[in-house]
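One structure below.
Computed from heavy atoms alone, side chains included, the values below leave out hydrogens, waters and symmetry copies. Both counts, for ligands and for their atoms, begin at 1 and track the order of listing.
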Amino acid sequence: MVPDRPNVDDPGRMIAHRGASQVAPENTLAAVRAAAAMGVYWVECDVTLLGDGTPVIHHDATLDRCTTGTGPLSALAAEDLVGVAAGKGHEPQFADEPVPTLEQLLDTLEALEFHANIEIKRHAAPLGATAACVAEALSARPWTARRIIVSSFDMGELAEMRALMPDQPLAGLWPKPPTDWRAILDDLRAAALHINYRHLSQSLLTEATSFGFDVRVYTINLPNLMVPFRAFGLTGVITDHPPLFLEDASWASWAAG
Ligand code: G3P
Ligand code: MG
C-alpha cells in the first residue's frame with residue numbers, strides 16, 4: 001500500500017526548466033509563457049528570498065549572471081528590483097523582463113492553468129524562512145495543492161514546508177540520492193524523487209517506483225539518453241528545451257500519457 005503522500009493531479013512528464021529557458025530568460029514570466037506556447041503545461045522555477053523577505057523567482061544568490069543588476073539578493077529590498085531586467089544576454093524583446101515575485105509567478109500560473117515545480121533555493125536566508133514564505137503564498141491559493149510540487153536540495157526547507165502544509169506535494173531533490181533517500185522521503189511524506197539524470201539507473205527507478213514514488217530527472221536535454229528509462233517507470237523530465245523531446249512522436253505520446 002502506498003502511504004499517504006500528497007501529490008499533484010498530473011504526472012508532470014514534460015517540465016520546462018526555469019521556464020522555457022532556451023528561448024526566453026530563465027525564471028521569468030516570459031519563460032513561462034514560452035513554455036505554454038510550446039504546448040507544455042509544467043515549469044520548474046526557483047524561489048529565493050530578498051533581504052526584506054520578499055520571495056522572488058531567481059536561481060542564483062546574486063543578480064549578476066542573469067540580470068542587469070549586481071550583488072547579492074540578500075542585500076536587496078523589493079523596491080531595489082525596480083528597473084532591474086532579467087533578460088541579460090537575450091534578445092531585445094526581453095529587455096524589460098523583470099525578476100518576478102513569487103506572487104507574480106503564481107498569478108501567471110493560475111491564469112495559464114499551469115502546473116509547476118517550485119524549487120526552494122535557501123541561499124543566505126535563515127533555515128525555514130523561504131519555506132515559510134512559500135507556504136504563506138501557496139496557502140492563499142487552494143489550487144496549488146493539486147498543481148504545485150515543492151522541491152529543494154535543502155531537506156530542512158522541505159521539513160518546514162511539511163510542518164506548515166500537511167497537504168502540499170513535495171519532492172526530495174538531490175544530484176545523487178543518498179543511501180537513505182527512501183527514509184527521508186517517507187519522513188517528509190514526499191511524493192517524488194528528483195535527481196540529476198546522470199545518476200538515474202534502472203535499479204533505482206525500479207526500486208523507487210515499486211515504493212510508489214514518482215521519479216523525475218533534471219536537467220536533461222538529450223532525449224535519447226532517457227528512452228530506455230520510460231519502460232521502467234520514469235515519471236518526468238525537467239528540460240531546458242521541451243521541443244527536443246516533443247518533436248519525436250514517441251516522446252510526444254509519452255508526454256501526453
Ligand atoms: O529542480 C531541478 C533543477 O532545477 C535543480 O538544479 O541548479 O537548475 O536549480 P538547478
Ligand atoms: Mg532549479
Side-chain angles (χ1 to χ4, degrees), residues 7-8 10-29 31-32 34-35 40 42-49 55-67 73 86 89 99-100 102 105-106 109 114-125 130-131 133-134 138 147-158 161 168-178 181 184-185 188 190-200 204-205 208 213-222 225-226 229 234-242 244-245:
N7 206 351
V8 279
D10 181 275
R13 293 220 181 282
M14 192 61 53
I15 304 179
H17 182 237
R18 308 181 193 174
S21 52
Q22 287 293 299
V23 299
E26 67 178 58
N27 280 318
T28 62
L29 302 182
V32 178
V40 171
W42 271 87
V43 286
E44 185 266 3
C45 289
D46 305 293
V47 63
T48 193
L49 294 188
V56 295
I57 306 306
H58 195 73
H59 180 276
D60 298 357
T62 69
L63 290 174
D64 300 53
R65 179 177 63 87
C66 295
T67 81
L73 276 75
V99 176
L102 176 60
L105 174 70
L106 292 172
L109 296 174
F114 249 54
H115 289 65
N117 170 197
I118 292 183
E119 185 202 333
I120 293 176
K121 296 284 193 201
R122 180 181 164 195
H123 294 314
T130 316
C133 289
V134 172
L138 299 186
R147 304 215 308 261
I148 302 275
I149 189 160
V150 177
S151 67
S152 186
F153 290 117
D154 189 320
M155 297 304 133
E157 294 294 327
L158 291 181
M161 278 300 305
Q168 187 64 43
L170 302 180
L173 173 63
W174 290 279
K176 179 182 182 182
W181 63 266
I184 295 170
L185 294 190
L188 289 167
L193 174 63
H194 288 185
I195 63 170
N196 188 297
Y197 76 89
R198 293 180 179 87
H199 296 293
L200 183 65
L204 174 65
L205 191 49
F213 295 108
D214 291 340
V215 180
R216 303 185 184 89
V217 289
Y218 72 89
T219 302
I220 177 68
N221 297 323
L222 300 165
L225 287 186
M226 291 298 108
F229 295 111
L234 180 64
T235 309
V237 294
I238 301 171
T239 177
D240 292 318
H241 203 28
L244 288 177
F245 289 82

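Residue Tyr218 has no nitrogen or oxygen atom sitting less than 3.5 Å from a nitrogen or oxygen atom of ligand 1, judged on distance alone. Where the criterion is an N or O separation shorter than 3.5 Å, residue side chain and backbone included, Thr219 fails it with respect to ligand 1.
In this structure, Arg18 contributes its side chain and His59 its backbone to no donor-acceptor pair below 3.5 Å.
Set against the non-hydrogen atoms of Phe153, the atoms of ligand 1 under 4.0 Å away are 5 (C), 6 (O). Remark: ligand 1 atoms within the under-4.0 Å shell around heavy atoms of Glu44 are 1 (O), 2 (C), 3 (C), 4 (O). For ligand 1 and Lys121, the ligand atoms under 4.0 Å from any heavy atom of the residue are 7 (O), 9 (O), 10 (P). Short contacts between ligand 1 and Arg18, defined as distances under 4.0 Å to a heavy atom of the residue, involve ligand atoms 7 (O), 8 (O), 10 (P).
When all heavy atoms are compared, the tightest approach of Val8 to Ile149 is CG1-N, 4.1 Å. Nearest approach of Leu193 to Pro177, heavy atoms of both residues: CD1-CB, 4.3 Å.
Relative to the ring axis of Trp42, Arg147 does not place its NZ or CZ within 45° and under 6.0 Å from the centre.
Checked options Asp46, Asp240, Asn117; the residue passing with His17 is Asp240 (criterion: side-chain hydrogen bond (donor to acceptor under 3.5 Å, both in side chains)).
For atom 5 (C) of ligand 1, the nearest protein heavy atom (residue, atom name, distance) is Glu119 OE1, 3.3 Å. Protein heavy atom closest to atom 10 (P) of ligand 1, with residue, atom name and distance, is His59 NE2, 3.3 Å.
Not close to ligand 1: His194, with no non-hydrogen atom less than 4.0 angstrom away.
Residue-and-atom listing of protein N/O/S atoms under 2.8 Å from the Mg ion (ligand 2), sorted by chain and number: Glu44 OE2, Asp46 OD1, Glu119 OE1.
The pair Arg65-Glu26 counts as a salt bridge, with a side-chain nitrogen and a carboxylate oxygen less than 4.0 angstrom apart.
Residues satisfying the salt bridge (charged side-chain N to carboxylate O under 4.0 Å, His left out) test with Asp154, not counting sequence neighbours, are Arg122.
Residues Asn196 and Trp174 have side chains that never bring a donor and an acceptor to within less than 3.5 angstrom of each other. Judged purely by distance below 3.5 Å, without hydrogens or angles, the side chains of His58 and Asn27 never pair a donor atom with an acceptor atom.
Note: Phe114 CZ to Asp10 CG = 11.0 Å, rounded to the nearest 0.5 Å.
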